[in-house]
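Fair warning: this is a prediction, and the values are worked out from it, not measured in the lab.
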Amino acid sequence: MVQYVLEILDGDRAGEVVSLTDQPLRIGRKPGNDLVLADEKTSGVHAEVVLEGGRHVLRDLGSTNGTHMDGRRVTEIVLSPGDVVAIGRLRVCYRDQAAAGSGAAGVGSAHGEGQPAGDGGFGEVRRLDTARVSGRSGGLLGLAGLALVGLAAGGYLWWSGSAEELREARGQRQVEPQVVPGNKLAKELASCEAVEGWRLQAAGTGFDLGGTGHTGRSCLEAVRGEGVALDYGIATLTEPLAVLSNRSIQLSARFRTDGGGEGAIRAVFFAQNEQMPFRYRSGSPLASYAGWTEVAVALAVPPGCDRMQLELVAVLPQAGATVSCDDLVVLEQGDTKPVELRIEQSKQTVLGTGAALAVRSTDADNQVVLHEVLPARVRPALASLQKDGWLALSDIGAKLACTASERSLQLVVEGAADRPGDKPEALLLMVPAEAASGMRLQNGSAPFQPLAPVSMAAGAGSSGSGSSGAGASGSGASGSGGAAAVEATAVLFGDRATRAMVVLPNAAPVQAQVASGLLRLEVGAHAMELVLGFAAERERAGAALRRANQEVAAGRWGEALDALQAVLGDAPHDSEILAQAQVLRDQVLAGQADEIRRLQAALADASFYKTRGGFERVLAGIAALQQAYGQRNPAANEACAALAEQAERQLKELLQESLEQHERRLERLAKALQTTQPGLAELVSAYLERQRATPSTGK
């Protein structure tokens with residue numbers, strides 16, 4: 001069996017080879033890729049090579065600078081021995097292992113021995129996997145795919161003529177692809193007539209060139225075949241569009257569905273600067289369309305964003321389900337306004353599109369308070385879309401109504417579709433995983449208690465990567481995934497500038513999971529208050545902390561612990577004061593522990609020397625300790641009780657032994673006086689009898 005490899009042709013690693021197996025091989029600049037290329041023109045995760053149908057297929061993963069072969073940008077190619085592909089500025093050659101490293105022969109050409117030469121401009125189409133294309137709906141498309149691979153440009157002309165003849169035979173008239181003035185999409189992309197410029201398999205089963213379009217010769221189509229497990233498909237542009245912040249964007253497309261399929265068009269707004277972590281995904285609701293139907297949605301570009309990724313979404317709940325899309329339009333027009341609210345007390349900013357929302361902190365090093373808000377539980381048809389991180393609130397026709405006050409944000413989910421499962425009874429808040437360290441929970445008027453999230457396996461519910469990093473953070477599988485839920489009315493999370501508190505209208509189940517760098521906080525409500533400013537709480541906590549320090553200075557340890565409990569248990573404020581209170585509490589309790597250890601050592605000495613005064617001093621020390629600290633430390637209370645019990649027992653034993661020795665001395669005295677002073681001997685014996693008859697008082 002032939003073993004194939006990728007050989008690096010440029011850079012300081014020229015000549016190195018990487019073996020290809022049946023497992024996908026990721027290529028990119030970031031550590032963690034299977035093949036790491038240290039080149040600034042190479043994206044973090046640039047491309048991948050996968051084995052499909054016994055052949056290796058190379059796919060560009062939405063890289064910024066593209067993947068090229070023969071000077072043409074490619075999105076997906078079936079590799080042939082001798083193919084040379086440029087990843088950024090570095091070239092790699094696909095060849096069998098025996099030929100790898102054999103020299104420069106054949107390196108300059110993208111074709112191995114016996115491979116066909118140039119194809120007159122249809123090189124990328126020629127390289128498509130025709131086995132997948134022919135498996136789509138319709139023999140015409142299969143013939144077209146075979147013709148494109150085998151005959152290149154001539155085949156394309158044959159396909160065009162055959163398609164036209166078939167239309168004429170059916171009495172159909174071909175409508176020219178629509179051209180909309182101002183469309184930000186190039187004609188080739190808008191018409192859905194070719195694959196160039198599209199990443200058709202961004203996720204799930206993906207899209208492909210389909211049959212009869214609404215206009216032109218074809219469309220983009222997602223089909224779920226028999227035995228196919230994947231029940232959704234995503235297509236994205238290989239290059240995102242440049243947009244301007246605060247501008248209104250109008251998206252529209254023609255959809256046609258069959259077999260229970262549902263389609264939607266979406267936008268993902270983000271910043272080209274990789275230091276800006278926010279992604280805003282929003283679009284039209286997922287729906288079924290019996291015939292070609294125009295679907296339109298108006299969105300506004302959130303502040304700070306300068307790029308927009310276009311997404312075509314197909315939900316395919318059963319075999320034979322089909323979603324077709326045609327006539328794409330992206331216009332910069334309208335008066336839709338983005339969400340931009342400022343919480344004055346904390347100076348944090350709430351940004352979004354209405355159906356997508358994020359909260360930005362004032363800390364440049366920790367910018368994210370909240371990544372996004374998503375439905376926590378969805379109907380089965382959307383479960384895979386959600387699990388893989390491609391769900392949007394707009395998919396269920398919902399949006400977030402936001403009202404800002406001086407210290408908080410009121411959030412209510414509105415407008416969800418009336419289909420069963422599409423009205424969210426619970427929401428999922430996606431926040432940075434670091435927020436879990438400061439997470440505390442309150443139920444009613446009870447003090448806040450730590451809430452430890454469940455850790456999920458790496459990659460569980462991983463985020464959809466999208467194109468150019470535009471994928472939103474993964475929302476995880478429908479449901480809790482096994483995490484324990486607890487009742488709560490408020491949940492604190494974050495630290496300092498990222499501190500926030502979710503306040504629910506009523507006690508509801510809350511659960512938290514950490515995975516893939518995100519804390520996924522699920523709350524059983526569709527409305528909440530997100531508190532971001534804690535001025536009053538901080539002032540109250542600061543006063544309690546100052547009082548605790550005063551009590552410590554005066555040696556009133558119990559009162560100090562009471563003041564610290566007010567800081568740690570009752571006041572939701574920034575964690576700097578919490579940390580100071582915790583340090584002081586640890587110091588106070590450490591002093592109590594030191595005193596207990598001193599008393600334990602004193603008890604050991606009293607036990608060794610058998611001194612009544614030693615035991616009594618231990619008991620007096622325990623009483624003083626309990627009076628100073630009270631019953632505020634259960635562990636110390638147990639230690640003091642055990643120590644007192646041991647001291648009292650040993651003291652009682654010592655006193656009993658002393659009494660018995662005294663009685664023996666009196667017996668000997670009475671016996672010695674019997675001969676010389678019988679009267680006195682009788683008095684001693686009578687005293688001894690009274691002593692034995694009287695219960696011991698320990699004196």
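- When the shell of 6.0 Å around NZ of Lys337 is examined, it contains 12 or fewer heavy atoms from other residues, nucleotides or ligands.
- With sequence neighbours excluded, no residue satisfies side-chain hydrogen bond (donor to acceptor under 3.5 Å, both in side chains) with Asp326.
- Closest of all the heavy-atom pairs between Ala512 and Leu519 is CB-CD1, 3.9 Å.
- Of all heavy-atom pairs spanning Glu193 and Thr215, the tightest one is OE2-O, 3.9 Å.
- More than 12 heavy atoms of other residues, nucleotides or ligands lie within 6.0 Å of CG in Asn273, so this atom counts as buried by the packing criterion.
- Using the six-membered ring where Trp is involved, Phe255 and Tyr289 have ring planes that are parallel, under 30° apart on the 30 and 60° scheme.
- Shown here is His214, whose NE2 atom has more than 12 heavy atoms of other residues, nucleotides or ligands within 6.0 Å.
- The pair Glu311-Arg199 fails the salt-bridge criterion, with no side-chain N (NZ, NE, NH1 or NH2) lying under 4.0 Å from an Asp/Glu carboxylate O.
- Here the NZ atom belonging to Lys184 is positioned 15.0 Å from the CG atom belonging to Leu328, to the nearest 0.5 angstrom.
- With rounding to the nearest 0.5 angstrom, the OH atom of Tyr232 is 8.5 Å from the NZ atom of Lys387.
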inquiry  = Arg342 vs Glu344, test: salt bridge (Lys or Arg N to Asp or Glu O under 4.0 Å). Steps then yes/no.
reply    = CA-CA 6 Å; Arg342 182 178 172 86; Glu344 290 299 330; 3.6 Å; yes
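- The side chain to side chain contact (heavy atoms under 4.5 Å, CB included) test with Val329 is passed by exactly one of Gln250, Gln178, Glu294: Gln178.
- Without hydrogens or angle criteria, Arg499 side chain to Gly494 main chain gives a donor-acceptor distance under 3.5 Å.
- A salt bridge links Glu262 with Arg419: at least one charged nitrogen is closer than 4.0 Å to a carboxylate oxygen.
- A donor-acceptor pair under 3.5 Å links the side-chain atoms of Ser394 to the main chain of Gly283, judged by distance alone.
- Applying the side-chain hydrogen bond (donor to acceptor under 3.5 Å, both in side chains) test to Ser252 and every residue at least two apart in sequence or in another chain returns nothing.
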